[in-house]
Amino acid sequence: MVQRACLLRVVSQLKSGPSLSVLISRVWSGKPQEGMLASCVASSINMIGLFLQLILILLWTEWTVLLHLGSEHKDKHREKEKLKQKDGSSDKQKEKDKYKEKRKEVKVKGFFVIFPPRIKSEPESEDFYHSPKHNKSLKREQKKGEVGTDGKKKVKKEPEEKWKWWEEERYTDGVKWKFLEHKGPVFAPAYEPLPSNIKFYYDGKPMKLSLGAEEVGTFFAKMLDHEYTTKDIFRKNFFKDWRKEMTAEEKAKITDLNKCDFGDMHEYFKAQSEARKALSKEEKQKNKEENERILQEYGFCVMDNHKERIANFRIEPPGLFRGRGDHPKMGMLKRRIRPEDIIINCSKDSQHPKPPPGTKWKEVRHDNKVTWLVSWTENIQGAIKYIMLNPSSRIKGEKDWQKYETARRLKKCVDRLRAQYRDDWKSKEMRIRQRAVALYFIDKLALRAGNEKEEGETADTVGCCSLRVEHITLHPEKDGKEYVVEFDFLGKDSIRYYNKVPVEKRVRELFGMLCPDARSLFTTILNKHLQELMDGLTAKVFRTYNASITLQQQLKELTSPEDNVPAKILSYNRANRAVAILCNHQRAPPKTFEKSMQNLQSKIDAKKEQLSDAKRELKSAKADAKVRRDEKSKKAVECKKKAVQRVEEQLMKLEVQATDREENKQIALGTSKLNYLDPRISVAWCKKWGIPVEKIYNKTQREKFAWAIDMADEDFEF
DNA sequence: GTTGCGACTTAGGACTTTCCTG
DNA sequence: CAGGAAAGTCCTAAGTCGCAAC
């Protein structure tokens, strides 16, 4: 589609145009019509100019205008902004030095060594894979091994000493490991044919399907409850792929999906899942144990002398592809992965995983410049999928830590950078101006970079550099504010980004000649530029930086020392929420939201009543005590007092909970917590206010952020 | 220089387990 | 002690970004 040319490119094509006022009035007056737009672009008419002007307006917008948190937060945000500008550099080095010192102090305690017999029995070969640099730690671990060898049970009983990888040296040369051993993937269970009494009907008549066709048919049958099985694209894609699995006869007969009746099959699967739920305790326990056994066998690997948890050791089962949003490939058959599709990565001297009997791996390689253990190529997009380690592993943790360190380095130079890109808006070179505009959005609105994607291969979503004209509307005035830019587009995962951003009208200047091919590789150009500005800087670092700094600031602002623990946690959640809003992390409101909110409210009401009862009782007890003046009645008063207090606390807790939940209706906190917020900020906050870290991070999260929990003091500054 | 590929992070929703309450 | 809500886990899609191949 011609009119799909991206916004920046459109902007870039502007040379000169009709009078400004005409253009502006056209835009201000409403959405550009599709046809109009198409013809404009096609004939190089300068309707496009409008968008240049939009950019110009934005360019001249004052920094202090707070864009992302919506109008109510504007003022707060301004302050934040000031703060942001102020505390540019500092403390990081301090932090680092402190940590270095701490490291020096740390004595090496024991490491829990896995598979000690193996590791112990072949130390020579390990040495072979360890650079001199690593010999030190290796020796330590071997010592450990000796201690641990005399029995797993014994080791298990002891409070397990966690390996503090963050106290060890890192590889610097692109090597990711020296030794890697694992058992390979767990394949999806083989297809179980339907019992003979469960039938598929075509055109009202029962029909026995071949095994292959039946299997794929069951994928569809299982999904019948989902709305998307009614979607045209889904049905079309499914039917096309299904036919490929049919025998010639089946193909000849089954020509219309609408004549297929999967009802029986659907009922069967439903009953099966019911039956699974209704299993007896013992049976459930048995299943659990079996799962645990598989986890123990396949869920771990040994990487450089340490047993590490694997994130996804199960191969994705076959099924029907369901992309997010309006995906053109929804309904296509996701093929079953066989050993022959699998590439194994492990070290040469490890015990290679064995393929299932009678099969072969596609390849076994020994590439220690990558972190994956297993890979295969998926058939829908042709993308490569990997089996990698858990976030608690050294290899993921180091990277995560490094990510936040990069963001902290950005903090040091962000002022300079912002000044620079503002300056670049005036540049004579179009590319530079363009780059600077993109950067502005990425920084201020925390937009994603927005890489190019192949049209028709995926849902139509965009990011900063791939925004198109139709994603932006200009309003001369909206909600009492002048010059409001309205963003409305689908971002990653087809999540809608909607934001009205008031901008200040300023001097406008026309850009000069523009380069029409500027868009291609735009994110590459952008990132190259960023790389020059700061080592390791890319577009996404801004998201990390802005998220983390916002958390830190919000925590400072929202935490009241006199608050009790639940209230402080509410503050934390609010700070977290501010970040989630900034990053546009949304969720569908839980289906049961209204109901559970009502329940909570009635609980609160009940609690209130209970409170007034308790108060009344206290009063009468007091009166009683006054009259009687004996120990017993005094005690009773104390008792009642405590009861009132307790109920008050409970009520408060409930109310806090209600507020929290209401505010959280459509906002997902998990993503930012897991991916954008430097955990050391949260850990420091917990330490400072005496909040148990368990209140903020659950077990998995504590494992992932073990490095931060261990190293951050209460005075950590991002 | 451009394109496509490979590796890795980030993402929301489905599914499962745990917790709470009546 | 069941049943519903909340919390936690699993799943895998969909991004980012660098680099090799053309």
Side-chain angles (χ1 to χ4, degrees), chain A residues 174 176 188 226 273 276-277 284 287-288 291 295 311-317 319 321-325 327 329-330 334 343 345 367 369-372 375 377-378 380-391 395-396 399-400 402-403 442 448-454 457-459 461-466 490-495 517 520-521 523-528 530-531 536-544 547 580 583-588 590-593 595-597 599-600 602-603 606 657 660-661 664 666-676 697-701:
Chain A
K176 303 290 169 62
H226 280 283
S273 82
R276 227 174 303 125
K277 271 184 219 152
K284 275 187 180 164
N287 284 342
K288 217 174 160 183
N291 270 331
L295 172 69
N312 56 326
F313 55 92
R314 287 171 206 274
I315 296 281
E316 296 171 17
F321 176 80
R322 169 63 185 152
R324 317 251 164 92
H327 199 115
K329 299 196 171 181
M330 67 170 82
K334 200 168 102 165
I343 301 173
N345 193 32
D367 181 358
K369 299 272 204 271
V370 297
T371 67
W372 53 268
S375 77
T377 302
E378 155 264 1
I380 305 284
Q381 331 259 6
I384 306 170
K385 300 254 182 164
Y386 304 95
I387 290 182
M388 291 184 188
L389 297 193
N390 199 71
I395 210 150
K396 293 290 184 192
K399 201 80 187 296
D400 206 37
Q402 193 186 312
K403 172 181 79 187
I442 286 168
R448 296 188 185 83
N451 284 307
E452 302 267 343
K453 28 197 262 175
E454 227 172 306
E457 293 293 297
T458 59
T461 61
V462 296
C464 182
C465 296
S466 45
L490 297 181
K492 182 176 179 181
D493 294 315
S494 290
I495 296 293
D517 64 354
S520 58
L521 297 176
T523 54
T524 310
I525 291 170
L526 185 70
N527 279 332
K528 243 185 208 146
L530 292 175
Q531 187 61 238
L537 186 62
T538 62
K540 85 187 183 82
V541 177
F542 279 90
R543 247 167 107 78
T544 311
C583 294
N584 199 229
H585 291 141
Q586 292 189 261
R587 61 167 186 175
K591 282 172 208 116
T592 55
F593 186 84
K595 215 178 107 201
S596 78
M597 213 57 206
N599 286 349
L600 193 58
S602 48
K603 260 194 226 165
Q657 198 187 346
D660 209 24
R661 197 188 297 172
N664 231 21
Q666 306 201 55
I667 298 165
L669 300 185
T671 304
S672 49
K673 204 178 197 177
L674 236 47
N675 299 300
Y676 287 104
Y697 291 131
N698 68 32
K699 184 163 159 281
T700 315
Q701 294 166 159

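Quick note on labels: first sequence line is chain A, next is B, and so on, each numbered from 1.
In this model, the phosphate group of B:dT10 is not approached by any side-chain N or O of A:H585 to a distance below 4.0 Å at OP1 or OP2. The phosphate of C:dC11 has neither OP1 nor OP2 within less than 4.0 Å of any side-chain N or O from A:N312. A sub-4.0 Å separation between OP1 or OP2 of C:dG8 and a side-chain N or O of A:K699 is absent. Regarding contacts with the backbone of C:dA13, a side-chain N or O of A:K334 is found under 4.0 angstrom from either OP1 or OP2. Between A:Q381 and the phosphate of C:dA14, there is a side-chain N or O to OP1/OP2 separation shorter than 4.0 Å. Distances shorter than 4.0 Å separate none of the side-chain N or O atoms of A:T461 from OP1 or OP2 on C:dA14. Residue A:T524 places no side-chain N or O under 4.0 Å from the OP1 or OP2 atom of B:dT2.
Proximity note for A:T538 (side chain, C-beta onward) versus B:dC8, C:dC17, B:dA11: the nearest is C:dC17. In the set B:dC8, C:dT12, C:dC17, the nucleotide with an atom closest to the side chain of A:E316 is C:dT12. With C:dG8, C:dG15, B:dA11 as the choices, the nucleotide that has an atom nearest any side-chain atom of A:N698 turns out to be C:dG8.
The number of heavy atoms from other shown groups lying within 6.0 Å of NZ (A:K284) is above 12.
When heavy atoms are screened at a 4.0 angstrom cut-off, A:S375 is found touching no nucleic acid atom at all. Nucleic acid contact for A:G382: none, since no nucleic acid atom lies under 4.0 Å from a heavy atom of the residue. Residue contacts for A:K176: at a heavy-atom cut-off of 4.0 Å it reaches the sugar-phosphate backbone alone, with no base atom in range. At a threshold of 4.0 angstrom between heavy atoms, the contacts of A:I495 are confined to the sugar-phosphate backbone, with no base atom among them. Nucleic acid contact class of A:R324 (heavy atoms, under 4.0 Å, all strands): base. Among the protein residues, A:N527 comes within range of the sugar-phosphate backbone only, with heavy atoms under 4.0 Å from sugar or phosphate atoms but none that close to a base. Residue A:K540 is in sugar-phosphate contact alone, with no base atom involved, counting any heavy-atom pair closer than 4.0 Å across all strands shown. Within the nucleic acid shown, A:Y676 comes within 4.0 Å of sugar-phosphate atoms alone, with no base atom in reach, counting heavy atoms only. A:A539 comes within contact range of the sugar-phosphate backbone alone, with a heavy-atom separation under 4.0 Å but no base atom that close. Within the 4.0 angstrom heavy-atom criterion, no nucleotide atom of any strand lies near A:G670. A:R543 comes within 4.0 angstrom of sugar-phosphate atoms only, judged by non-hydrogen atoms across all strands, and of no base. Backbone-only contact: A:P317 has heavy atoms under 4.0 Å from sugar-phosphate atoms and none from a base. When heavy atoms are screened at a 4.0 angstrom cut-off, A:T458 is found touching no nucleic acid atom at all. As judged by a 4.0 angstrom heavy-atom cut-off over every strand, A:E378 is placed among residues making no nucleic acid contact.
Helix-axis bend for the helix from B:dG1-C:dC22 to B:dG22-C:dC1: the local axis fitted to the five terminal pairs at one end deviates from that at the other end by 0°, rounded to 10°.
Straight-line distance from the OH atom of A:Y386 to the P atom of C:dT12: 17 Å, rounded to whole Å. If you measure from atom CZ of A:R448 to atom P of C:dC17, you get 11 Å, rounded to the nearest angstrom. Here the C1' atom of nucleotide B:dA14 and the NE2 atom of A:H226 are 8 Å apart, to the nearest Å. Rounded to whole Å, atom P of B:dA11 lies 19 Å from atom NE2 of A:H327. Spacing between atom CD1 of A:I384 and atom C1' of C:dA14 amounts to 15 Å, rounded to whole angstrom units. As rounded to whole Å, 15 Å separates atom P of C:dA13 from atom CD of A:E457. Regarding A:K369, its NZ atom lies at a distance of 12 Å from the P atom of B:dC8, rounded to whole Å.
Between A:Q531 and A:R314, the residue whose closest nucleotide on DNA chain C is further toward the 5' end is A:R314. Heavy-atom distances to DNA chain B give each of A:D493 and A:V370 a nearest nucleotide, and the one nearer the 5′ end belongs to A:V370.
The aromatic rings of A:H327 and A:F321 lie perpendicular to each other, with more than 60° between the two planes, well past the 30° mark.
Side-chain to base pairing of A:K385 with C:dT12: no donor and acceptor N or O lie closer than 3.5 Å to each other.
With sequence neighbours excluded, the residues forming a side chain to side chain donor-acceptor pair (under 3.5 Å) with A:T461 are A:K453, listed by chain and number.
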